[in-house]
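Comments concern the structure below.
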Amino acid sequence: MGVLLALAVLIGLYAIVVWALPRRDPPLEWDWSRFDPEDLSFARLFGKDFLWGVASAAHQVEGGNTNNQWSRWETERGPDGRPRVRDGQRAGPACEHWERYREDIALMKALGLSSYRFSVEWSRVEPRPGEWDEAAIAHYHDLIDAVREAGLEPMLTLHHFTHPLWWEDRGGFEKEENLADLLRFTERMFREYGAKVRWWCTLNEPEVFASQGWFSGLFPPGKKDPQLTAVVLVNLLRAHGRMYRLIKSLPGGHDVEVGLVKDIFQFDADRRWHLLDAGIAEVLDRVMNEAILDALQTGHFSLHVPGMISLDAGVVEAAGSLDFVGLNYYSRYRVRFRASAAEPFVFQPVASEVQTDMPYPVYPEGVYRALIRLNRLKTPILITENGIADARDDRRDDWIRRYLYAVSRAIAEGVEVRGFYYWTLMDNFEWAEGWHMKFGLYALDQRTQERRLRDGSKIYAEIIAESRRG
Ligand code: BGC
């Protein structure tokens, strides 16, 4: 009898957990057969002042960057003897955006854009500790001036995955004392460009940067150390908070908007009834999203994954440090447990879902979910990146229509979304994937540097034009 009762209680508990876990952020699926792709009236919800842009990052587009940690990484091989970047590819001359930025700004204008998000390359501006390259500083003045002269609003990212080799060799974000260097760079950049640039992003995707660099080892420094990943995350949060406060303390600091760019990728249980799928999805979400959102709200970072990570740390400077939050949204993963110590879970593709060229599906509902979730920070949101890798260009048009429709639904429900930046203007160097991923609105011919507008991109300009009619 006792055994039966215990069993009944256990089954009951299991049922409650299985019911409760996936409910925290229930996977949403809309019936797209009822969506009329020709009806663009949703675009009116964006309003006339909405910022429409494209986003880029210095190392991915500029070309000629040889003094940052990625340029060294691209020449190296991993412990398995294979090149760090797919097929041993390198950023090299990239899109020659350093020279061709005026041409690229004209392409943005042609699409009807009103803003451009780019990053400054710290390794160019401060090639050696405390030594400033005035020509590089002047270059970014010219870029910003050209953006403004074209009637576009510049948005500047201070750290988008790259930094000088000398800083990497000091330990970069692994050491809290190194943040002083990043702050010195931030101060110089703000004193230079503060009067011309209203939108400032401190760091791009702290959790992607930390997890790729210190957990999966796919980005430099290529470590696989979960506890150190958490330490780096804490230092990134501190860095953001201190950069925010530093800018605010400088002349003009209160005339600009400063925010952090947070990527949200959902982790959904592949089998909703499966306790381990749900549990692992929950842990991944805690590591990549929840721990950071909590820290931004409370000033306290707490992350515990049995046998892997145990860290509690004060990050008081990060609390209340957002004039806006940048959301980078691409897709979600379906998490499936595997009975294997080497690979305890996989991201399971689903046959019914359209896949992008990256290993994740088209999932427009996810941007709506992410917006509703981020709304708890009670600060305006700008979608600082969203776009599809689609070499065949047979999914881009649908992606843009549906993701933007999903954004409009969040706006209709009261979420304050102020802008949207497509990733990216033209095909560029996609980090560990090299040149294989074609995210560009414009296809890039690497040999001739010709940029050609893809058919699937044209809808972006149409939706923008429609939004202005409203
Ligand atoms: C990064 C970009 C990257 C894009 C597409 C984001 O994680 O900020 O630099 O190219 O995703 O994968």
Side-chain angles (χ1 to χ4, degrees), residues 53-63 65 68-71 73-74 85-86 89-91 94-95 97 116-122 155-163 199 201-216 218-220 233 236 240 259-267 288-289 292 325-333 347 355-363 366-367 370 382-391 395-396 399-400 403 419-442 444 457:
V54 281
S56 73
H59 188 73
Q60 295 180 271
V61 294
E62 284 181 351
N65 278 311
N68 63 25
Q69 91 281 28
W70 261 90
S71 58
W73 181 251
E74 290 158 24
V85 176
R86 197 165 149 192
Q89 294 178 340
R90 299 186 185 181
C95 312
H97 184 62
Y116 175 37
R117 173 178 176 232
F118 59 91
S119 73
V120 284
E121 177 60 44
W122 180 8
M155 174 187 267
L156 188 155
T157 306
L158 287 160
H159 187 278
H160 193 130
F161 293 172
T162 54
H163 48 244
W199 298 92
C201 303
T202 53
L203 310 173
N204 185 67
E205 301 185 348
E207 71 296 328
V208 172
F209 179 77
S211 63
Q212 298 283 72
W214 285 265
F215 188 83
S216 67
L218 293 173
F219 284 13
L233 257 183
L236 285 158
H240 161 72
L260 173 73
V261 172
K262 172 80 187 81
D263 161 277
I264 291 201
F265 232 97
Q266 288 100 7
F267 298 93
M288 297 296 279
N289 298 318
I292 295 157
V325 62
L327 167 65
N328 287 0
Y329 186 82
Y330 290 88
S331 185
R332 65 141 159 215
Y333 289 122
F347 296 139
Q355 295 296 308
T356 70
D357 295 348
M358 291 290 273
Y360 49 72
V362 176
Y363 182 55
V367 73
L382 281 91
I383 298 172
T384 35
E385 281 180 38
N386 174 266
I388 181 172
D390 175 16
R395 291 148 288 171
R396 189 170 279 101
W399 172 289
I400 295 174
Y403 274 69
F420 178 95
Y421 294 73
Y422 187 86
W423 183 272
T424 182
L425 181 70
M426 62 220 153
D427 301 336
N428 60 38
F429 179 73
E430 177 54 27
W431 308 114
E433 292 294 328
W435 288 93
H436 290 279
M437 293 299 150
K438 310 295 182 191
F439 277 96
L441 292 173
Y442 287 80
L444 175 81
S457 310

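Just follow the structure's listing: the first ligand is 1, and inside any ligand the first atom is 1. The basis for the numbers below is simple: all heavy atoms, side chains too, and nothing from hydrogens, waters or symmetry mates. Note that the structure is predicted; figures quoted are calculated from it, not measured.
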Donor-acceptor contact present, side-chain Ser119 to main-chain Ala58, <3.5 Å: yes
Are any protein N/O atoms closer than 3.5 Å to the N/O atoms of ligand 1? If there are, list each pair with names and the distance to one decimal place.
unit_1, atom_1, unit_2, atom_2, d
ligand 1, 7 (O), Glu205, OE1, 2.6
ligand 1, 7 (O), Glu205, OE2, 3.0
ligand 1, 8 (O), His160, NE2, 3.1
ligand 1, 8 (O), Asn204, ND2, 2.8
ligand 1, 8 (O), Glu385, OE1, 3.1
ligand 1, 8 (O), Glu385, OE2, 2.8
ligand 1, 9 (O), Gln60, OE1, 2.8
ligand 1, 9 (O), His160, NE2, 2.9
ligand 1, 9 (O), Trp431, NE1, 2.9
ligand 1, 10 (O), Gln60, NE2, 2.9
ligand 1, 10 (O), Trp423, NE1, 3.2
ligand 1, 10 (O), Glu430, OE1, 2.5
ligand 1, 11 (O), Tyr330, OH, 3.4
ligand 1, 11 (O), Glu385, OE1, 3.4
ligand 1, 12 (O), Glu430, OE2, 2.6

Under the salt bridge (Lys or Arg N to Asp or Glu O under 4.0 Å) rule, what pairs show up with a residue in residues 428-439, not counting sequence neighbours? Arg86-Glu433
With under 30° as parallel and over 60° as perpendicular, where do the rings of Phe265 and Phe267 fit, or are they tilted in between? tilted
Quick one: are the ring centres of Phe209 and Trp214 less than 6.0 Å apart? yes
Rounded to the nearest 0.5 Å, how far does CD of Gln60 lie from NE2 of His97? 11.5 Å
For residues Leu260 and Val325, report the shortest heavy-atom separation together with the two atoms involved. O-CG2, 3.6 Å
